[in-house]
Amino acid sequence: MLEFIHIKPIYRAAKGDEHDMENHPYAPAEIEPYWQAEWREKEAFKVPNDIETLKTKPKFYVLGMFPYTSGAGLHVGHAKNYVPTDVFANFRRMQGYHVMHPMGWDAFGLPTERTAVRENEHPAHITKRNTETFQQQIQRIGFSYDWSRKIDTSVPEYYRWTQWIFLRLYEKGLAYLADVPVNWCPALGTVLSNEEVKDGKYVETGDPVERRLMRQWMLKITAYADQLLEDLDLLDWPEGLKEMQRHWIGKSEGADITFKIKDSDKAFTVFTTRPDTLFGATYCVLAPEHPLVSEITHPDAASAVGAYVKEAINKSDLQRTDLATEKTGVFTGASAINPCNNTPIPIWVADYVLMTYGTGAIMAVPGHDARDHEFASAFGIPILEVIKGGDQPIEEAPFEGDGVCVNSGFLNGLQVAEAKAKMIAWLEGEGKGSRQVQYRLRDWLFSRQRYWGEPFPLVHLEDGTIVQLLDEELPVELPPIDAYKPTEDGQPPLARAGSEWLNVTLPDGRAATRETNIMPQWAGSCWYYLRFLDAHNTEAPFDTELERYWMPVDSYMGGAEHAVLHLLYARFWHKVLYDCGLVSTREPFQGLLNQGTILAESYQDARGKYYYPNEAEQKGDKFVAKASGVPLQTQIEKMSKSRFNVINSDDVIDNYGADTLRLYLLFIGPVTASTPWQDAGVEGVYRFLQRVWRLVIDEDSGELGEKLTDAPGTTESELWRELHKTIKQVTEDTESIDKMNTAISQMMIFVNTATQTKTLPKEALKIFLHLLSPYAPHIAQELWHRLGETGFIAHAQWPTHDESVLTSATVTIIAQVNGKLRNRLQLPADATDKEIEEAALADERVQRFIEGKPVRKVIVVPNRLINIVV
RNA sequence: GGUCGAGUGGUGGAAUCGGUAGACACAACGGACUUAAAAUCCGUCGCCCGUAAAAAGGUGUGAGGGUUCAAGUCCCUCCUCGACCA
């Protein structure tokens, strides 16, 4: 099916086949399953759970974001995430750390439920099958996970504690019911969080989403907005990612200002980040949903306003606020009084103002805000200049920059920043407004009208009171109903679970009904990194002492698509747990890296239909479909099932082995870079591993190579120097995580050098195998074993380089004339600047370019170069 | 529209604090080995100009300008692509 399958399969040494006995090539299909079984049976990577044993060594927690176990199975994109984390875990283990490196399954959620509906099979069955497939596929790659800690978010042993943590949030008043405008997806029959909706569509499926007012569970993440923002400074995350979180939280400082309505005792409050421009406010706008709209609208305008509001409410936020769309609005007939100069200004209703942001009302300053300017221009509202500094007349374009206040009474002559402070002080003094901080972050919509998720540990009494269940009553198990499909009316599937599940009698005898919503997909992943620390605890989510030892996660790696959602939600829960005294760190993930995506070539015809690579055929420099001859376009895109360009990790392992897959994924580029998959490149690293094999094993005899000696490593001084260079570079590059590609380059250079030496000291070879082991653990272990060592090389001590081996007696000095390279000089390493200068001036090639011209300046960079300026 | 990031050979990518551009691979080409092929080993490999072949030289990191003894790297302007946000 895929291109590389055409390449001949790896040679499998035929066991017991007399004719083939003389041939002993590198055979990953033999050695990899063998050592994987050994690691499993001897529990090579099991981490002790006993705190006293743990305390004998420092800890390191390496975590790759656990996968959502969809039916598509594992592809090389997943491996691009897990290979670098595994290399790093191996590296730290060899450096003498207790390494936490676990794996588990994010198993609740919509995609599985959709498959269940489509294939008419229970989500629990599908999940079981999917997780088994994932585990099998992941295990073939030879990762050093402690499998005894495996978790599955969809089993009661796990979600019992998700419910338990929810109760802690509930007790703290952080979970509440509210009638909120929600993103209702008719196709899915559920509400979605803001984060799951983009451009009016569900991000996963593209199904349209509409606005509805519904009673929902909310989590008060906004209560932690400031902490979530400030504590970003404590983290070793990529700056860009922190910036995205900051932006998502969207803190803006400004003022609430109260506007009285003319000829009325009513008033409304606006939030603005530009109180300095209050003198320039020439109208106000209420959001269509604003409660005051119906009260203040003049009877003459009532029908127009009513119609406008009705239409606006169904639009998405994006449609409403997009700068590119034409502004619409309608005048209410009422006026507000500008509090700074008592001028009446008209009140409009317009959908570019959102009820969910700020107060749902704005003061409009068309002179200094792009949207207001556009709106005022369209409706002929006056535009006033109150900040001087634009290079176009204020009627032509708004000026949003910094400048000096004009036409602004007591603010005239002040800079924007001073004017803001003075205006806020004035408003506060007059009782007309106050300093205010506003966030873009909204509370988290936490309930779903679906089946495949955690039930809430809450019950409703007849009088409407909500009662939380006792910790001992957990878990509230998901009832095994068959009718889990969504209904038209938004009634959750759990409402059909039957009275046995629905009806509860409380310990005090009162009758109650269970909450029938479920938690969203993100719930389980909000705390899974804590459960790994104590995965089988039946008394608590995790042991406090173990938590104190292991947390925080030192190195977390995952896709950039989780830069805001998962990472923000998990940080929020963690902070709540911290405030409950349940965890010891303010932040869960100290270090974090986003691995790049794997791209692959895809083939598409003019109609947009995708073709598998083997359905395409090259004709000249164009591609056509084999069957129909239709011309095809090729492009490098992100790997995905729908683009027919997925490379399955199993196929690569079948053809080349897991070590090749691991090495290739790292060799194609930096871990954080997105790079295209190239079948030919896989061959390259496969050849490298074969060279490593032949370095140790004589393919004809199957014995150790004749070149190998027991002599000290230093007998081959060139090799010995290259080895120490390799130790140094592999150590540094592995430490960086991102530059594992150049670590592999250096190992290749070492192997090329070693192939050319007359003898090969086993000592040097064994040291090299240590370096290779985190990257290609199977071949390293096998050769380690063949060299007569017992035990696992994965448990051996990481080597350190000797700087004195690296320094040589002579160095190459670059001789430049006027900045251009003219010759390379071999000089003693300890040559003085003067000696270097003399040597350079004496050099024939250098002299040719000086041509007797006077030397104006000489720059010497020690051990590097000399530049003679003439 | 905004913010951030990135543009280096035929390809993936190296290049520390500004100090040898193109490491390591892939592909291609040439050679050795072979009855032959595969595999393996050796060699060439930015462009231009040169040459029997070399040597020597020029030029070159998206475009243009600047700073510097020295720029892929720093600064300014622009172009293109990507990510995120609106």
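The sequence lines fix the lettering, A, B, ..., with proteins before strands; numbering per chain opens at 1. Computation of the quantities below employed the complete heavy-atom set of this structure, encompassing side-chain atoms and omitting hydrogens, waters and symmetry-equivalent molecules.
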Measure from the side chain of [X], starting at C-beta and using heavy atoms only, and say which of [options] lies closest.
{"X": "A:P676", "options": "B:U40, B:C69, B:G12", "answer": "B:G12"}
{"X": "A:N867", "options": "B:U40, B:A23, B:G19", "answer": "B:G19"}
{"X": "A:N741", "options": "B:A14, B:A25, B:G19", "answer": "B:A14"}
{"X": "A:I749", "options": "B:G58, B:C24, B:C69", "answer": "B:C24"}
{"X": "A:K739", "options": "B:A27, B:A15, B:G19", "answer": "B:A15"}
{"X": "A:N752", "options": "B:A21, B:G19, B:A25", "answer": "B:A25"}
{"X": "A:H247", "options": "B:C85, B:A14, B:G13", "answer": "B:C85"}
{"X": "A:R822", "options": "B:G58, B:U40, B:C24", "answer": "B:G58"}
{"X": "A:I859", "options": "B:C26, B:G12, B:C69", "answer": "B:C69"}
{"X": "A:I668", "options": "B:G12, B:A25, B:G58", "answer": "B:G12"}

Using atom [atom1] of each nucleotide, how far apart are [N] and [M] to the nearest Å?
{"N": "B:A63", "M": "B:U80", "atom1": "P", "answer": "15 Å"}
{"N": "B:C49", "M": "B:G57", "atom1": "C1'", "answer": "8 Å"}
{"N": "B:G7", "M": "B:C26", "atom1": "P", "answer": "24 Å"}
{"N": "B:A23", "M": "B:C47", "atom1": "P", "answer": "13 Å"}
{"N": "B:G72", "M": "B:U61", "atom1": "C1'", "answer": "5 Å"}
{"N": "B:G22", "M": "B:U59", "atom1": "C1'", "answer": "15 Å"}
{"N": "B:C33", "M": "B:A39", "atom1": "C1'", "answer": "11 Å"}
{"N": "B:C78", "M": "B:A71", "atom1": "P", "answer": "24 Å"}

Taking any heavy-atom pair under 4.0 Å as a contact, classify [X]: base, sugar-phosphate, or nothing.
{"X": "A:Q816", "answer": "base"}
{"X": "A:F667", "answer": "base"}
{"X": "A:R246", "answer": "nothing"}

Check: If each of A:Q746 and A:A560 is mapped to the nucleotide of RNA chain B with the nearest heavy atom, which maps nearer the 5' terminus, i.e. the 5' end?
Finding: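 Its nearest nucleotide being more 5', the pick is A:Q746.
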Note to self: Pick the closest RNA chain B nucleotide for A:V685 and for A:Q756 by heavy atoms, then say which residue is nearer the 5' end.
What the structure shows: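 Nearest-nucleotide comparison on RNA chain B picks A:V685.
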Checklist line | Syn or anti for B:G9 (syn when the glycosidic angle lies within 90° of 0) | finding: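 That one's syn.
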Checklist line | Syn/anti state of B:C17 by chi, 90° boundary around 0 | finding: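 Syn.
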Margin query: Looking at A:K758 and A:E718, is there a salt bridge between them, counting it only when a charged N and a carboxylate O are closer than 4.0 Å?
Written below: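 No, this pair does not count.
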Item checked: Pair A:E374 + A:R371: basic N to acidic O under 4.0 Å ->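 Salt bridge absent between A:E374 and A:R371.
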Note to self: Applying side chain to side chain contact (heavy atoms under 4.5 Å, CB included) to A:Y26 and A:L689, what does each step give before you reach the verdict?
What the structure shows: CA-CA 8 Å; A:Y26 170 49; A:L689 289 176; 3.6 Å; yes
Measure the distance from [atom1] on [X] to [atom2] on [N] and round it to the nearest whole Å.
{"X": "A:L865", "N": "B:C17", "atom1": "CG", "atom2": "P", "answer": "16 Å"}
{"X": "A:R371", "N": "B:G1", "atom1": "CZ", "atom2": "C1'", "answer": "10 Å"}
{"X": "A:R694", "N": "B:U40", "atom1": "CZ", "atom2": "P", "answer": "6 Å"}
{"X": "A:L666", "N": "B:G13", "atom1": "CG", "atom2": "P", "answer": "14 Å"}
{"X": "A:L565", "N": "B:C84", "atom1": "CG", "atom2": "C1'", "answer": "12 Å"}
{"X": "A:E374", "N": "B:G1", "atom1": "CD", "atom2": "P", "answer": "14 Å"}
{"X": "A:I744", "N": "B:G12", "atom1": "CD1", "atom2": "P", "answer": "18 Å"}
{"X": "A:I866", "N": "B:C69", "atom1": "CD1", "atom2": "P", "answer": "16 Å"}

Next item on the list: Going by the side chain to side chain contact (heavy atoms under 4.5 Å, CB included) test, name the single residue among A:V564, A:L568, A:I221 that passes it with A:I249.
Entry: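 Answer after filtering A:V564, A:L568, A:I221: A:L568.
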Next item on the list: Test A:W677 against A:Y664 for ring pair (Phe, Tyr, Trp, His ring centres under 6.0 Å), laying out the working first.
Entry: CA-CA 9 Å; A:W677 179 274; A:Y664 176 66; 4.8 Å; yes
Margin query: Quiz question: by atom type and distance under 3.5 Å, do the side chains of A:Q438 and A:S252 form a donor-acceptor pair?
Written below: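 There is no such pair (donor and acceptor under 3.5 Å, judged by atom type) between the side chains of A:Q438 and A:S252.
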Margin query: Is there a side chain to side chain contact (heavy atoms under 4.5 Å, CB included) between A:T675 and A:K80? Walk through the geometry before answering.
Written below: CA-CA 10 Å; A:T675 35; A:K80 167 107 179 160; 4.0 Å; yes
